[in-house]
Amino acid sequence: MKRYDCFFVALLGVTALTPQMALAQDFTSETDESQPASTGLGDIIVTATRHEAKLQTVPVAVTAVTGDALASADVSTVRSLTQVVPGFIGSRNMGVFQPVVRGVGSTGISVGDEPNIATYVDGVYQPESAANWIDLVEVERVEVLRGPQGTTFGRNATGGLINVITPDPSFDFRGKASLRLGRMRRDAGDYDARLYFTGPMSDKVAADFAALFRKNDGYIDDLVRGGTLGNQRVIDLRSKLLFKPTDNFKVVLTGEYFNQESTTNSPQPLDGNTAGNNWPGVIVPTRAWQASLTEVPLLNLTRWSAALHTRLDLGSVLLETTTGFLNLRWRQTTDGDASNIKLSNFPAVFESESGSQEIKLSSANPGRFQWLVGGYFYQFGGGAPVLEPWTTTNPALPLAGPSLTPKLDGRSFAVFAEGTYEVQPNLFITLGGRYTTETRWFSQSNNGVLLVNDVSKTFKKFNYKVGIRYEVTDKTNVYATYSTAFKSGVYNMAGISGTPVNPENIKAAEFGIKSDPLEWLRTNLAAYYYDYKGLQLQSKAPTGPGYILQNAANAEIYGGEFETIINPVRDLRLRAAVAYTHARYKDFPNAQGFTPIVNGNGNYAGNVAAPYDASGKVMTRAPEWSGNVGFDWSHDVGNGRVTLAGNLLWSSRVYYDFANIFSQRPYTLSNLSINWQPGSEAFKVGLWVTNLTNEKVLQTVRPGTLGTDGFYEQPRKIGITIETKI
């Protein structure tokens with residue numbers, strides 16, 4: 001088989017997701033603006049099963065949040081979906097986004113080590129964790145599917161799926177612009193400017209354009225050089241071109257450019273634990289949002305992406321294909337000991353390209369039998385022309401460390417099918433399957449010496465799903481499913497082994513009830529059990545600044561979520577969700593464990609690394625309890641309308657190591673906003689505050705031999721928003 005080819009399939013493509021057909025309503029299933037006098041809960045159309053269906057009839061635990069609701073809850077990126085989705089953790093490691101759903105989530109940071117919570121934007125798979133800092137510039141809705149999606153969505157959807165759907169261009173001209181100005185601690189500014197417009201270019205062609213400029217001043221005190229760290233500047237430009245020559249055929253071409261420059265990867269030692277404590281002149285942070293680093297860190301990335309969708313309605317069937325392309329360049333330097341003593345650093349430049357093609361044929365008319373069949377091809381190539389982590393045991397000694405030049409390539413083919421049949425009135429049976437074959441190649445050099453020469457391995461897997469749904473009434477559905485999913489084996493880009501870790505596999509049983517018992521009340525309940533084997537887990541190496549990648553034997557996860565929406569009167573909407581997750585490693589005898597060291601001055605000065613039996617321990621990033629509550633209340637005032645909105649997220653303790661030594665204590669995060677809109681509805685002004693109580697919440701914790709460090713969520717921000725519509 002030929003190695004990585006320059007890939008971009010010619011102009012074929014159909015969106016498997018059709019966002020303009022969704023009912024743009026408020027949160028999860030609320031009414032839209034066309035129903036202001038109703039207290040009922042309207043339907044929202046989702047594509048969670050690759051068919052357009054009502055949210056309340058889909059036999060999947062899914063939270064769907066519209067663009068307006070995201071803005072109301074101050075959810076501006078995919079990572080901050082933690083605010084509104086039960087059982088979801090938006091974790092990170094340096095510049096890598098590591099989502100976790102129901103305790104299932106990847107810890108890898110290497111190119112080609114894709115997360116096991118898959119992310120899609122308009123039907124295009126987003127493979128690279130570093131590229132998934134997706135800003136929600138102008139979105140129609142975001143769907144978060146909880147549980148394995150191994151049949152219709154496929155590979156690397158072991159724990160769930162994030163599905164971002166942006167609006168297609170419109171033949172009616174409209175637009176909006178917004179400016180958001182805020183302040184954090186020590187008068188650090190926060191600026192966010194957004195623009196969106198769409199309209200016709202002819203009677204058959206329409207276009208749109210979305211732009212974002214976001215910038216925040218540093219909010220982390222630099223104890224070495226003075227001033228601040230943690231600053232970030234983001235530019236995101238996206239445009240779509242819609243060609244619709246006939247009523248039954250359309251083509252959508254999308255292009256996006258994303259660029260970020262930041263120093264947000266500024267870690268600080270937790271409890272003062274850094275090996276720098278062994279040396280005179282060390283400066284150790286004593287409060288949150290402080291850093292004492294050898295040099296200014298960098299976290300810069302540029303992402304180019306393109307997609308081509310077409311959709312052909314043949315009457316009884318739909319023919320859809322989606323083509324996608326991604327190019328990523330990512331540069332970082334991160335201090336390895338989180339101190340001003342020159343002990344360790346991790347400089348790297350990563351590069352990757354990927355292309356994908358999906359073809360899907362599905363039933364289009366109502367009937368007792370609904371089906372879809374399809375094929376999928378994915379290809380990637382990448383590596384790190386500069387990967388030179390260094391470390392030393394004494395700042396007076398020469399630096400030591402590898403100069404690695406890894407190269408990774410991969411290719412995946414899959415065919416899939418799923419059908420749902422109404423065997424008798426109101427009783428539906430679903431069967432689905434997907435067969436995947438995937439090959440990965442790996443080469444590794446150190447200081448120009450080839451250590452691993454183009455090794456490869458092929459992984460093959462058949463996944464399936466069986467489900468049953470019974471429509472008790474037209475307002476209540478119960479369902480049960482049993483499904484499987486897998487994540488392919490991967491090579492460790494930061495290592496020198498020519499042997500990949502094995503695939504991870506999951507078997508999942510789920511039971512759910514979706515009910516609208518009253519016109520103004522919605523209640524959804526889901527319970528699940530996972531048998532999770534071969535977990536791919538990454539941790540800091542016992543020596544040096546690198547990482548090791550290993551398979552844990554298996555884990556057991558069970559729990560459930562309850563969501564409710566209450567719309568008791570016209571102007572008030574309440575929502576709440578709670579998630580319980582029992583996640584334990586069942587057999588993990590050789591976990592990488594770290595135990596703090598106390599030096600002669602009584603300070604923590606790094607950790608001792610040793611194998612640890614983590615069997616029975618709580619899985620990392622899997623809080624036992626979590627949830628959120630929120631409200632929106634509106635009232636007419638004079639010739640305008642005032643809206644008050646709030647959201648509160650809460651979580652029990654979150655562990656970040658296999659031995660359950662290092663953790664984030666239970667916490668809450670709350671946001672509040674008030675907006676005024678005059679009668680014209682073309683203008684809106686608002687005041688807002690995020691992290692109202694200035695809670696100190698860790699995004700991640702990283703134990704290693706040189707210490708234990710972490711990154712905090714941003715402190716309290718207060719600001720104003722001005723928005724105008726055309």
Side-chain angles (χ1 to χ4, degrees), residues 8-25 32-34 44-47 52 64-71 120-124 126 134-143 163-178 193-213 235-258 303-313 318-326 356 358 360 681-682 723-726:
F8 192 85
V9 177
L11 299 178
L12 277 177
V14 170
T15 178
L17 308 172
T18 52
Q20 76 278 11
M21 292 190 174
L23 300 180
Q25 299 171 3
D32 61 17
E33 294 179 357
S34 67
I44 183 170
I45 303 301
V46 297
T47 49
E52 294 170 358
V65 193
T66 63
D68 288 343
L70 292 168
Y120 283 77
V121 177
D122 291 333
V124 179
Q126 309 295 308
I134 297 171
D135 281 88
L136 303 175
V137 182
E138 180 67 18
V139 300
E140 190 162 286
R141 71 182 182 276
V142 177
E143 302 171 1
N163 197 10
V164 180
I165 300 156
T166 67
D168 278 350
S170 171
F171 286 95
D172 297 320
F173 182 79
R174 62 183 175 86
K176 67 178 182 180
S178 66
R194 298 172 185 240
L195 173 68
Y196 178 77
F197 60 84
T198 182
M201 301 180 68
S202 71
D203 61 343
K204 299 183 184 302
V205 179
D208 73 2
F209 178 75
L212 162 73
F213 176 81
I235 297 173
D236 194 344
L237 306 174
R238 188 188 73 239
S239 182
K240 284 186 174 183
L241 187 68
L242 168 65
F243 174 54
K244 194 170 184 179
T246 63
D247 290 340
N248 70 327
F249 180 64
K250 74 171 185 177
V251 179
V252 179
L253 176 65
T254 305
E256 184 174 19
Y257 168 78
F258 176 90
R303 181 184 74 229
W304 295 89
S305 61
L308 188 65
H309 309 274
T310 62
R311 174 186 171 105
L312 177 62
D313 188 341
L318 293 175
L319 175 62
E320 303 171 299
T321 64
T322 300
T323 305
F325 176 78
L326 172 72
S356 63
E358 182 180 71
K360 181 168 73 74
E681 298 185 356
E723 181 180 301
T724 183
K725 294 182 179 179
I726 302 174

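Count residues from 1 along the sequence. Keep in mind that this is a model prediction, so the values were computed, not measured.
- Listed here is the closest heavy atom pair of Ala206 and Ser170: CB-O, 3.5 Å.
- Here the closest non-hydrogen pair linking Asp203 and Phe171 is O-CE2, 3.7 Å.
- In summary, of the residues considered (Arg141, Glu138, Lys240, Glu256), a side-chain contact (heavy atoms from CB on, under 4.5 Å) with Thr166 occurs for Lys240 alone.
- Looking at Val252, Thr254, Asp208 one by one, the single match for side-chain contact (heavy atoms from CB on, under 4.5 Å) with Asp168 turns out to be Val252.
- A donor-acceptor pair under 3.5 Å is absent between the side-chain atoms of Glu320 and the main chain of Leu312, judged by distance alone.
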Verdict with reasoning, Leu308 to Val251, per side chain to side chain contact (heavy atoms under 4.5 Å, CB included): CA-CA 7 Å; Leu308 188 65; Val251 179; 3.9 Å; yes

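- Note that CZ of Phe258 is 12.0 Å distant from CG of Leu326, once rounded to the nearest 0.5 Å.
- Here the straight-line distance linking atom OG of Ser305 with atom CZ of Arg238 works out to 9.5 Å at 0.5 Å rounding.
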Working for side chain to side chain contact (heavy atoms under 4.5 Å, CB included), residues Val139 and Val164: CA-CA 7 Å; Val139 300; Val164 180; 4.0 Å; yes

Step-by-step side chain to side chain contact (heavy atoms under 4.5 Å, CB included) determination, Leu241 to Val205: CA-CA 7 Å; Leu241 187 68; Val205 179; 3.7 Å; yes

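- A distance of 7.0 Å separates OH in Tyr120 from CD in Glu358, rounded to the nearest 0.5 Å.
- Listed for the Thr724 side chain is a donor-acceptor partner under 3.5 Å among the backbone atoms of Ala682.
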Thr198/Phe209 under side chain to side chain contact (heavy atoms under 4.5 Å, CB included): CA gap, chis, key distance, verdict: CA-CA 7 Å; Thr198 182; Phe209 178 75; over 6 Å; no

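- For the pair His309 (side chain) and Asp122 (backbone), a donor-acceptor distance under 3.5 Å is present.
- Taking OG from Ser239 and CZ from Phe197, the interatomic distance works out to 7.5 Å, rounded to the nearest 0.5 Å.
- Taking CZ of Arg174 as the reference point, atom OH of Tyr196 lies at 5.0 Å (rounded to 0.5 Å).
- In this structure, the side chains of Asn163 and Val142 stay at 4.5 Å or more apart for every pair of heavy atoms.
- Using a 4.5 Å cut-off on side-chain heavy atoms (C-beta onward), Lys204 and Lys244 make no contact.
- Between Val124 and Gly324, the shortest heavy-atom distance links the atoms CG1-CA, 3.9 Å.
- Closest approach of Leu237 to Ala211, counting heavy atoms only: CD2-CB, 3.7 Å.
- Note that CG of Asp313 and CG of Leu318 are 5.0 Å apart. Values are rounded to the nearest 0.5 Å.
- Residues Phe173 and Ile726 have side chains in contact (heavy-atom distance under 4.5 Å, counting atoms from C-beta outward).
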